[in-house]
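Worksheet: one structure, shown below.
Within every chain, numbering begins at 1; the chains are lettered A, B, ... in the order of the sequence lines, protein sequences first and strands thereafter. Hydrogens, waters and symmetry mates are skipped; everything else that's a heavy atom, side chains included, is used.
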Amino acid sequence: MSAPDPVELLLQTARDDASPEEFRVTGVMMQYYVVCKRELWFHSRHVEIDRGNAAVVRGTNVDETAYADKRKHVSIDGTIAIDVLDDGRVMEVKPSSALVEPAKLQLLYYLWYLKHVVGVEKSGVLAHPTERKREDVELGEEESERVENAIRGVYDVVTSDSPPSATEKPVCDSCAYHDFCWSC
Amino acid sequence: MDRNYHIFSDGCLERHNDTVRLVTLDGEKKYLPIEKAEAVYLHGQIDYNTRLVSFLNKHGVALHIFGWNDYYAGSVMPKRGQTSGRTLVEQVRAYDDPGHRVDLARKFVAGSIHNMRSNVSYYNRRGHDFDSILTTLADTRDRLAETTDVAETMGVEATARRAYYSTFDAILPDGFVFDGRRYNPPDNETNSLISFANSLVYANVVSAIRATALDPAVSYLHEPGERRYSLALDIADLFKPLLADRVIFRLLNRNQLTTDDFETDLNSCLLTESGRQTFSKAFEESLEETVEHPRLDRNVSYQYLLRIEAYKLKKHLLTGEAYISFKRWW
C-alpha cells in the first residue's frame with residue numbers, strides 16, 4: 001500500500017472522516033515551512049518558544065492592535081485562526097514585510113482551507129500596518145498547487161524522527177528558538 | 001533576565017491591585033515589581049492565598065518555599081504554558097536505556113569535575129599548593145571513560161568531590177573549619193553555608209527546568225527521586241562550584257560573613273536572618289554576573305546558563321544531537 005497523500009490526510013482530518021492518521025496544519029506551520037524547517041520541526045514537538053523574545057512580543061502587539069475595529073477573529077476547527085474584514089476578505093497582519101513570502105503562503109493556505117474544507121471562496125489581503133503597506137492575495141490554480149506542495153513538505157518535516165540540522169541564517173538572530181538551536 | 005526576590009521577614013504576601021505586596025508583622029508594606037520577577041523565595045513565615053497564586057501564575061512567577069533549617073520545602077510553580085508528552089517520553093526512554101543513561105551520567109560528572117577543578121586551580125594560582133588535588137581530579141575525570149554503570153560513575157563523582165572538599169579548609173579563613181561535608185543538620189558554619197547555597201542553586205535549577213517541558217523528577221546521574229526533583233540535582237551539581245562555592249569563599253575571605261552570622265544550637269549550626277540576607281544578596285549578584293557565550297554570541301547571565309543547560313538537555317533528548325555539559329570556559 002502506498003503512503004497516503006498528506007493533502008488527502010489533512011482534508012480527512014479536517015472533515016472528521018475516518019482517516020489512517022490525524023494530520024493538521026496550522027497557519028504558523030506554513031510560515032515556518034518557508035522560513036526554517038528546523039523551526040517547524042521544533043514547533044511540531046512542542047518545544048516552547050521564548051515568549052519574551054522581542055520579535056514575538058512585537059508581532060503579538062502589532063497583531064492585537066492593528067485594525068482592531070475592522071477585523072473579526074474567527075477560529076475554524078481549532079486548526080486555523082483567521083481575521084475577516086468587514087468586506088469579507090481574509091486579512092493577515094504582519095509587523096514587517098521582511099518575511100513576505102512566508103506570510104503570503106500562510107494567507108494562501110487560509111484561502112485554500114476555506115475553499116476546500118469550509119467551501120467558501122475568499123480573497124485575501126496581506127497588511128503591514130507599521131509600513132502602511134497592503135497587498136491583495138488571490139488563490140489561483142498555481143497558488144493552490146503551491147499550497148498543496150507545501151502541505152506535503154510540512155508532512156515530511158513533522159513526521160521525520162529528527163530535525164534538519166541547524167544552519168545559520170539571517171533570520172536566526174530574531175528567532176524565538178535561537179537559544180535553543182545555538183546553546184550547544 | 002528577570003530577577004529573584006527573597007523574603008526573610010514574617011508576614012503576609014498578597015496581591016494588591018496589579019502588583020504584589022508584602023505586609024510584615026510590624027505593618028510595614030513593600031512592593032515587588034512582578035513584571036521583572038523570575039521567582040519569589042520565601043524564607044520567613046508567610047501567609048498567602050489563592051488570589052496571590054493565580055496572580056503569580058499569570059505572570060509566570062514561581063514561588064519557592066524554604067522551611068526550618070533553610071530546607072527547601074517546595075515550590076508553587078506557574079501552570080505550564082505547554083506540556084510536551086513527547087519530551088517526557090524521550091526523557092524516560094533515555095533513562096530506561098542503560099547505555100544512554102550512563103552516558104548522560106558521565107557527562108554530568110565530567111562537567112562537575114571540570115568546574116570543581118576550575119575553582120581549585122584558581123586558588124592554586126593564589127598561594128595555595130593544590131597540585132596533587134588537581135592531579136587527583138584529572139585522574140578521576142580520566143577514569144570516567146571506563147565506568148560501565150551509573151553506580152560506578154557516582155563512585156568516581158564521590159572521589160572527586162572528596163578531593164575537592166579537602167581544599168576547603170585551606171581556602172577558608174581562620175575561624176572557619178570544614179572537616180568534611182555534613183548535613184541533616186549541618187554541624188558547623190561552613191556546612192551550613194554550603195547547605196543554604198546549594199538549596200538556592202537547586203531552586204534556581206527547578207525554575208530553569210520548568211521553563212522547558214522536561215520533567216524535573218526524571219534524572220540520570222541521581223536515581224529518580226520520589227519526593228525530590230532529582231533532575232535538578234543532576235544539573236545543580238554542575239553549577240555548585242561556580243554559583244555556590246565561589247560566593248562562599250568570597251564572602252568569608254572578605255569578612256563579609258563572620259562567625260557572628262551563625263547561631264549554634266544543640267547539634268546544629270545555622271545562618272542568622274541577617275547572615276542569610278547577606279548571603280542571598282551576594283548570591284543574586286553572582287547570578288546576574290555575565291559572561292560572553294561563544295555560540296550565542298552575546299553576554300549571558302550566570303542565571304541564564306541554567307536555562308541554557310535545560311535547553312541543551314532537552315534538545316539532546318528530542319533530536320539526538322550531542323549533549324555537552326556545562327564546563328566553565330572563562
Side-chain angles (χ1 to χ4, degrees), chain A residues 21-24 26-29 32 36-61 64 78-79 81 154-184, chain B residues 1-2 35-38 58-61 78-91 93 107 111 208-214 291 293-301 303-327 329:
Chain A
E21 57 180 304
E22 295 232 312
F23 178 52
R24 287 193 172 78
T26 61
V28 76
M29 287 167 82
Y32 289 165
C36 175
K37 293 179 176 55
R38 185 173 165 90
E39 184 176 26
L40 170 61
W41 193 91
F42 284 153
H43 174 80
S44 73
R45 296 315 193 259
H46 301 285
V47 172
E48 306 73 7
I49 59 159
D50 174 7
R51 299 241 163 237
N53 176 286
V56 174
V57 171
R58 178 167 179 246
T60 308
N61 191 31
E64 282 173 359
T79 303
V154 167
Y155 183 83
D156 288 343
V157 172
V158 303
T159 53
S160 92
D161 284 337
S162 53
S165 57
T167 42
E168 187 94 57
K169 295 188 274 289
V171 291
C172 285
D173 281 342
S174 53
C175 175
Y177 291 101
H178 176 272
D179 290 1
F180 195 76
C181 264
W182 300 109
S183 61
C184 293
Chain B
M1 187 72 191
D2 295 338
E35 303 279 348
K36 291 228 177 300
E38 163 92 11
K58 195 180 135 202
H59 286 88
V61 177
K79 183 186 71 178
R80 293 186 192 189
Q82 285 152 313
T83 50
S84 164
R86 189 180 297 266
T87 303
L88 179 60
V89 168
E90 294 302 337
Q91 203 183 338
R93 253 189 208 154
K107 283 178 170 163
I209 290 173
R210 275 301 179 97
T212 70
L214 288 171
V291 58
H293 192 285
R295 297 298 301 268
L296 295 183
D297 225 13
R298 66 166 197 266
N299 286 333
V300 297
S301 67
Q303 180 163 27
Y304 197 68
L305 292 176
L306 301 176
R307 175 81 66 92
I308 289 176
E309 210 56 22
Y311 281 164
K312 285 180 346 191
L313 184 62
K314 178 168 178 175
K315 185 167 61 175
H316 163 72
L317 294 170
L318 278 180
T319 69
E321 292 167 21
Y323 168 67
I324 303 161
S325 60
F326 166 66
K327 290 179 181 159
W329 65 82

Do any N or O atoms from the side chain of B/K312 and from the backbone of A/S183 form a donor-acceptor pair under 3.5 angstrom?
no

Closest non-hydrogen atoms of B/Y311 and A/F180, given as atom of the first, atom of the second and distance, are O-CE1, 3.5 Å

Rounding to 0.5 Å, atoms OG1 (B/T319) and CH2 (A/W41) come to a distance of 6.0 Å

Cut-off 4.5 Å, heavy atoms of chain A, and the answer for B/A211 is backbone

Cut-off 4.5 Å, heavy atoms of chain B, and the answer for A/C172 is neither

Taken to the nearest 0.5 Å, the spacing of B/E321 CD from A/S162 OG works out to 8.0 Å

Minimal heavy-atom distance between A/R45 and B/L318, with the atoms involved, is CB-CD1, 4.4 Å

Could you check whether A/D179 pairs with B/R298 (Lys NZ or Arg NE/NH1/NH2 to Asp/Glu carboxylate O, under 4.0 Å)?
yes

side-chain hydrogen bond (donor to acceptor under 3.5 Å, both in side chains) filter on A/E22, not counting sequence neighbours, yields A/R24

Note: A/W182 and B/R295 closest approach over all heavy atoms is O-CB, 3.0 Å

